[in-house]
Structures are given as structure tokens and as C-alpha cells.
Amino acid sequence: MKKLYLSILICSFSYSFSLDYYLEYLIQKRKEISQRFIEATQELDNYISGNYYGYSPVENNYMNLTFSMKFKDSSIGFRPSLRARIDLPKTRNKFQLVLTEHDEEITHQDIGEEYGDRTKNYGSLLGIKYFIENKLFTKISLTAGLKFKTPIDFYTRLKFIRVIDLSKKWQWIGEQKFYLFSHRGFQSFTALNFDRKINDTFMFRIANNIIYKKKEDSFEIAHSLMLFQHLTPRDDLIYSATVAGITEDFENHMPKVSTYELRTVYRHVLRNRWIYFNVIPALYWDRDHSFEPNVSLNLNVSIIFGKYDIY
């Protein structure tokens, strides 16, 4: 029995040592990569602006590496994804480089930039964004770049955002995107959201999205009810109910319901503030499965490089 206790004690010490070693290695490597990333963005800002003098404040630039694992339809999918935002302040904040997957892609499976289903391989988009000053809209931007999916697509995107405070608690957020792909043709995305802040813990959202794809001559429409719950400075919950439909002939046929979905998103930020994970269970009914109930589970772990902190 003493030998057993001694063996367990030795194993415990060994495991603790190895865990601390790998954790310290991860922290050190993340610090080195973050420093190189910040230095590279400073040099890029100097080069594009043509101004090599003075300090380039690029602390808000970040790179996000996400590892996703999804359990759906009795199968398991695993894939990494990378996205980044690089502000170029020496260009008078008119230019920004973006690398993304879920934010720029048109899909109703996402319920937010930080909480979407990232296991579907739509291809990454790399582009340079130019901000256009305008008094009518809250933000206007023009983006041009590449979509890395066979075949590689060149794309341009014009994006309009308008935010209107309807009252002290209600806010209207309108977003319009026009895409022109060299292979996939013209696409548009319209989002109309109504947000209501209930208190410091809860926020309610009514989300309405319309997608048009000229090549498929199809419209997709989705309506969602969402409740955001801020539990602690490092914990958040989102509850959502969504109904989505599609039509291939909008003028003559009403959209047919394609999916009903109930989803919960739990996000936890670790103490170091640059690593977090999402747990996303969902219950859905879709036309491909004769509207029989099905479940899915998505697990995401994300590491942020740069000086950017989540809170």
C-alpha cells in the first residue's frame, strides 16, 4: 500500500510539473509571437503610410487563432481558423487589413462575431479596408481582397452601418453589405437588429437577416430572438431561437422554412485574458432531416495574439 501511495504521489508531481512546464512554454511563446506581430504591424503601418518617423500606436491590433471541434450528425469535425485585424493609424485611420472567415462570410449559422459556428469551411478572406467619412451613416467601408477557396476569388465589398438610438433602452442597428466576387458573382447581406438593454446583466435582441445570391438566384431569410446574459467579467451566456427559410424565386414563391434552431453559447475567459473557450450546444430541426430533432455541440478554444485583452 505504501508503494502505491508513493507511486501516486510521484505521478502527481510529474503531472503537475509537466502541466506547469507546458503552460509556461505556451505563455512564453504567445508573448514572443505577440511581440513580433506588433512589430510587424508597426513596420507595415510605416510602409503603407510612407511615414517612418514617430510612434505607431497599434496596440489594438490582434490575431485570433481558434481551434474548433464540432459533434453533429454522428460525426466529429475538427479544424483551426485564423483571423486578424490590423489598424494602420498613420494613414489617419483610413485603412485596415483584415483576415477573417466567419465575419465576412454570408451565413445564417452565425449568431455573432465571437460566437458563430466556425467549423464550416467557407474559405478565408484577406483584404484591405478603406473607411469613408460620411455624416449620414455611422460607418462606411470599402474592402478589396482575395477569398482563399477553390477557385480563388477576387472580391470587393461595400459596407454601410447606421446606428440609431430609438429611446434610452432601444437601439436600431442597420447593416448593408454588397459583395462582388469574380467567380461567385454578386451577393448582398442585409441585417436589421433591434437591441434593448434590460439592465447591466441582460440585453435582448431581435435580429433579421436577408441574403441574396445572384448566381443561385436565391434569397435566404432568417429571424432570431436572442438574450445576452453577462454573468461575470469573464463569463457570458447567449440564448437564441432562430427560424430560417430560403427561396429560389422570390417574386413568385414565398420562402420555405429550412431550419428551426435553439442554441446556447457559453463563453469563459481565462484569468490571463488572452485565451477563452466557447461551449455551444444546439437543438435544431431542418428540412434535410425531415424536421426531426437533432443535436449538435461545438467546442472552440481561442488564443489572442497582440496586446489586445478581452476585457
Side-chain angles (χ1 to χ4, degrees), residues 79 81-85 95-132 134 136-163 172-193 205-224 226 240 242-259 261 284 286-288:
R79 64 182 296 269
S81 63
L82 181 68
R83 62 189 179 93
R85 190 195 72 188
F95 287 94
Q96 182 184 89
L97 293 179
V98 291
L99 172 65
T100 187
E101 292 190 13
H102 58 285
D103 184 33
E104 305 290 329
E105 181 55 43
I106 301 176
T107 168
H108 288 313
Q109 298 302 316
D110 291 349
I111 60 171
E113 182 174 328
E114 293 290 340
Y115 308 99
D117 176 0
R118 301 176 184 171
T119 59
K120 292 190 175 183
N121 186 11
Y122 293 104
S124 299
L125 289 98
L126 173 65
I128 183 166
K129 181 187 294 185
Y130 176 72
F131 293 98
I132 303 171
N134 186 278
L136 180 60
F137 294 93
T138 306
K139 186 180 293 185
I140 301 178
S141 63
L142 178 65
T143 306
L146 296 172
K147 182 181 178 69
F148 296 99
K149 185 180 180 182
T150 306
I152 293 179
D153 243 349
F154 295 94
Y155 81 95
T156 56
R157 187 202 68 180
L158 185 61
K159 179 179 178 180
F160 301 86
I161 296 179
R162 180 71 187 274
V163 179
W172 177 86
I173 304 173
E175 182 177 355
Q176 179 65 58
K177 303 177 186 178
F178 297 106
Y179 293 83
L180 185 60
F181 293 96
S182 58
H183 289 283
R184 292 167 178 82
F186 175 79
Q187 299 180 8
S188 71
F189 172 78
T190 305
L192 299 174
N193 295 336
R205 170 175 293 172
I206 303 173
N208 304 282
N209 299 329
I210 301 175
I211 294 169
Y212 172 67
K213 298 182 180 181
K214 183 175 177 58
K215 189 174 183 179
E216 292 84 359
D217 192 24
S218 66
F219 282 84
E220 299 176 32
I221 300 175
H223 304 282
S224 300
M226 304 170 64
S240 69
T242 301
V243 55
I246 186 171
T247 178
E248 296 181 354
D249 188 349
F250 190 75
E251 293 182 355
N252 301 319
H253 298 88
M254 291 298 293
K256 295 181 179 179
V257 174
S258 57
T259 305
E261 183 184 67
Y284 64 96
D286 60 26
R287 187 173 294 277
D288 294 338

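All values reported here derive from a predicted model rather than from experimental measurement. Residue indices begin at 1 and follow the sequence shown.
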Practice task
Please confirm whether the backbone N or O of Ala222 pairs with a side-chain atom of Asn209, one donor and one acceptor, at under 3.5 Å?
Solution key: no
Handout entry: Qualifying residues under side chain to side chain donor-acceptor pair (under 3.5 Å), relative to His183, sequence neighbours excluded
Key = none
Exercise for the section: Starting at OG1 of Thr143, measure out to OH of Tyr130 and round the result to the nearest 0.5 Å. Expected result: 12.5 Å
Completion exercise
To the nearest 0.5 Å, atom CG of Leu142 lies from atom CZ of Phe95 at 9.5 Å
Practice task
Considering non-hydrogen atoms only, spot the tightest contact between Leu126 and Tyr155 and give its length.
Solution key: O-CE2, 3.9 Å
Exercise for the section: Only counting residues at least two apart or in another chain, list the ones meeting side chain to side chain contact (heavy atoms under 4.5 Å, CB included) with Phe137. Expected result: Asn134, Ile140, Phe160, Arg162
Handout entry: Set of residues satisfying side chain to side chain donor-acceptor pair (under 3.5 Å) with respect to Ser182, sequence neighbours excluded
Key = Asp153
Problem - For Ala144, side chain to side chain contact (heavy atoms under 4.5 Å, CB included) partners two or more places apart - result: Thr156
Completion exercise
Here the pair of heavy atoms bringing Asn208 nearest to Asn193 is N-OD1, 3.8 Å
Practice task
Report the distance from atom CG of Leu158 to atom CG of Leu180, rounding to the nearest 0.5 Å.
Solution key: 11.0 Å
Handout entry: Under the side chain to side chain contact (heavy atoms under 4.5 Å, CB included) test, residues paired with Lys214 that sit two or more places apart
Key = Phe186, Tyr212
Exercise for the section: Indicate yes or no for a side-chain donor-acceptor contact from Ser258 to the backbone of Ile246 under 3.5 Å, with no hydrogens or angles considered. Expected result: no
Problem - With Asp286 via side chain to side chain contact (heavy atoms under 4.5 Å, CB included) - residues at least two apart - result: Thr259, Tyr284, Asp288, His289
Fill in the blank from the handout: Nearest heavy-atom approach of Arg184 to Lys215 is O-CB, 3.6 Å
Fill in the blank from the handout: Distance col, row Lys256:NZ vs Ile221:CD1, nearest 0.5 angstrom, shows 14.0 Å
Problem - Whether Gln176 side chain and Ile161 backbone form a donor-acceptor pair below 3.5 Å - result: no
Problem - Atom pair CZ/CD of Arg157 and Gln187 - distance to nearest 0.5 Å - result: 12.5 Å
Practice task
Find the distance between CZ (Arg85) and CD (Gln96) and round it off to the nearest 0.5 Å.
Solution key: 5.5 Å
